[in-house]
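Single-structure report; data block below.
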Number of protein chains: 2
Amino acid sequence: MREIHDPELLQYYLKTFEIKPILNEDLLPYLTLYSYNHGELICTQGDPYNHLYLLVKGKLKIFNTSPEGKTLILSFKTPLDVVGDIEYVQGTDFINTVEAVSEVHMIAIHHRWLNKYASDHTPLLKFLLNVITKKFFVKSSSLSFNLLYPVEVRFASYLLSVCFDERDALYSGKLSTSHLIDAANLIGTSYRHLNRVIQHLSKEGLVERHKGFIEVKNREGLSELANHRNIYEK
Amino acid sequence: MREIHDPELLQYYLKTFEIKPILNEDLLPYLTLYSYNHGELICTQGDPYNHLYLLVKGKLKIFNTSPEGKTLILSFKTPLDVVGDIEYVQGTDFINTVEAVSEVHMIAIHHRWLNKYASDHTPLLKFLLNVITKKFFVKSSSLSFNLLYPVEVRFASYLLSVCFDERDALYSGKLSTSHLIDAANLIGTSYRHLNRVIQHLSKEGLVERHKGFIEVKNREGLSELANHRNIYEK
DNA sequence: AAAGTTTTAGGACATATGTCCTTCCCAATG
DNA sequence: CATTGGGAAGGACATATGTCCTAAAACTTT
């Protein structure tokens, strides 16, 4: 992690993502731009709350490790998104661990300044309300989906979301096998079982296994299987 | 459902739950008090958004029915709680169905007045932010818990939450069997499987089956099994 | 009280998923 | 070129869970 002293880049981000309107003028001097490399942790579950972060570049992985040591991926995030919003509102420690998946830029605001200058700033409150409500909605759908459907269906939905997203640096319709473990943790199953499911999907002709990646052969069929629900959509 | 024309009762609720501070003065004339009987539906998933509701008396069941017809109970609610908050912020149709479990009183506010008088009312925004953040937190924990642990563990946690809550009209440590189907739907499993798990817990001596109810015999043991997590706590 | 009806528990079997371990492939290295 | 090490896929077996159906119990109605 390193701080980027580049006021122009900061201005560029503020403008591109239309962040200024949601922030109080007084806050602007206290914004810091940080950069993280692939694999670096932005925060770890249990860390005390310090900053509210705005993701403006790159991709994040949000996950949680259970007392038993099992990892559950909660989501991937791309700009513009917010990290630490729940913690800010509740004043609690970080619930999850956040890791940079690519090179990541984040704008950080220390809670001290938020409390001082923006705790009654309507645009920010509305912005947070909007963001958190969306998160709740996604989480809620995700919970239902996970409880109601088996791994095969969830994976179908996952494939559709991930493989046809140009931002993912993946060839369209293909999923690199190195991401399979992540996929398993996101879906909430074991790597072993995911392999079994892929095997089954192969037999059905929906996907094909090549060395290094998995290719979607029948997008429509997968969509059918997933009940047309794109639960992992960003 | 019927409207209660009782300004004094309304005032009583506003005072008891300290609702006035969060509402804009201009809204007060537009509050309506409704009563629902056991079993009545307050709203059904897919209904267009109309009101924001404040639960001030009784108990609600929030559930969702999948396209396949499976019911998943998302939560039970007791005063003070809010219904329709997510829908209000997002401007979407109702996501879930809400049913009165007992006699229920709700204060309803039509979105028309909220938009007109309170869309910039900081106390309300903060209140909603707080409520929704809590909901998110619960939902998030619930998702992890469901994905990581088997039904036995979840049911243990459920028993601890429900059986030792005096508001539940249950003898302490006992769960009426008529609530078993609800329990299964809340935990996200089948009634059949829940029975199997109860059988197993019986053999372990943690609970005992009597006609009409299930009795907790070893609270500490259940808590151990549930990893001391009370995920269904209200 | 007898007959029918509804509710509740559980049997049988199939499927879904987890755990552990082995095998295979490929790349890096001496 | 043979050796080794690591990652990826899959076999074997156990457990978890779902579906469908039956049996037993409780409750209604006549």
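Source: prediction; values computed, not measured. Worth knowing before you read on, the calculation uses all heavy atoms, side chains too, and leaves out hydrogens, waters and symmetry mates. Residue numbers begin at 1 in each chain, while the letters A, B, ... track the order of the sequences.
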Plane angle bin for A:Tyr53 and A:His51 - parallel if under 30°, tilted between 30 and 60°, otherwise perpendicular
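The arrangement is tilted - the two ring planes meet at 30° to 60°.
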Please work out whether the ring planes of A:Phe145 and A:Tyr149 are parallel, tilted or perpendicular, with thresholds of 30° and 60°.
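Correct class here is tilted.
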Name the closest nucleotide to the [X] side chain, picking from [options].
| X | options | value |
| --- | --- | --- |
| A:His193 | D:dA9, C:dA12, C:dA16 | C:dA16 |
| B:Arg192 | C:dT17, D:dA12, C:dG10 | C:dG10 |
| A:Thr189 | C:dT17, C:dA9, C:dG18 | C:dG18 |
| A:Ile181 | D:dA8, D:dA16, C:dG10 | D:dA8 |
| B:Arg196 | D:dG11, D:dA8, D:dG18 | D:dG18 |
| A:Ser178 | D:dT17, D:dG10, D:dA8 | D:dA8 |

Using whole Å, what does the distance between atom [atom2] of nucleotide [N] and atom [atom1] of [X] come to?
| X | N | atom1 | atom2 | answer |
| --- | --- | --- | --- | --- |
| B:Leu147 | C:dA16 | CG | P | 17 Å |
| A:Asn195 | C:dA16 | CG | P | 17 Å |
| A:Leu194 | C:dA16 | CG | C1' | 14 Å |
| A:Leu180 | D:dG10 | CG | C1' | 14 Å |
| B:Glu152 | C:dG18 | CD | P | 17 Å |
| B:Leu148 | C:dG18 | CG | P | 10 Å |
| B:His200 | D:dT17 | NE2 | P | 12 Å |
| B:Gln199 | C:dA12 | CD | P | 12 Å |

Which residues share a ring pair (Phe, Tyr, Trp, His ring centres under 6.0 Å) with B:Tyr49, sequence neighbours left out:
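By the ring pair (Phe, Tyr, Trp, His ring centres under 6.0 Å) rule, B:Tyr49 matches B:His111.
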Reckon A:Lys211 has a side-chain N or O less than 4.0 Å from the OP1 or OP2 of D:dG7?
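It does not, given that no N or O in the side chain of A:Lys211 lies less than 4.0 Å from OP1 or OP2 of D:dG7.
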OP1 or OP2 of C:dT8 less than 4.0 angstrom from a side-chain nitrogen or oxygen of B:Tyr191, does that happen here?
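Checking C:dT8 against B:Tyr191, no side-chain N or O comes under 4.0 Å of OP1 or OP2.
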Keeping the roles fixed (side chain from A:Ser35, backbone from A:Ile4), state whether a donor-acceptor pair exists under 3.5 Å.
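Such a contact is absent between A:Ser35 side chain and A:Ile4 backbone.
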Describe the nucleic acid contact of [X] in one word from base, sugar-phosphate, nothing, applying a heavy-atom distance below 4.0 Å.
| X | result |
| --- | --- |
| B:Ser190 | base |
| B:Arg209 | sugar-phosphate |
| A:Val151 | sugar-phosphate |

Is the charged tip of B:Lys134 near the ring of B:Phe137: under 6.0 Å from the six-membered ring centre and within 45° of its axis?
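Pair B:Lys134/B:Phe137 does not count as cation-pi.
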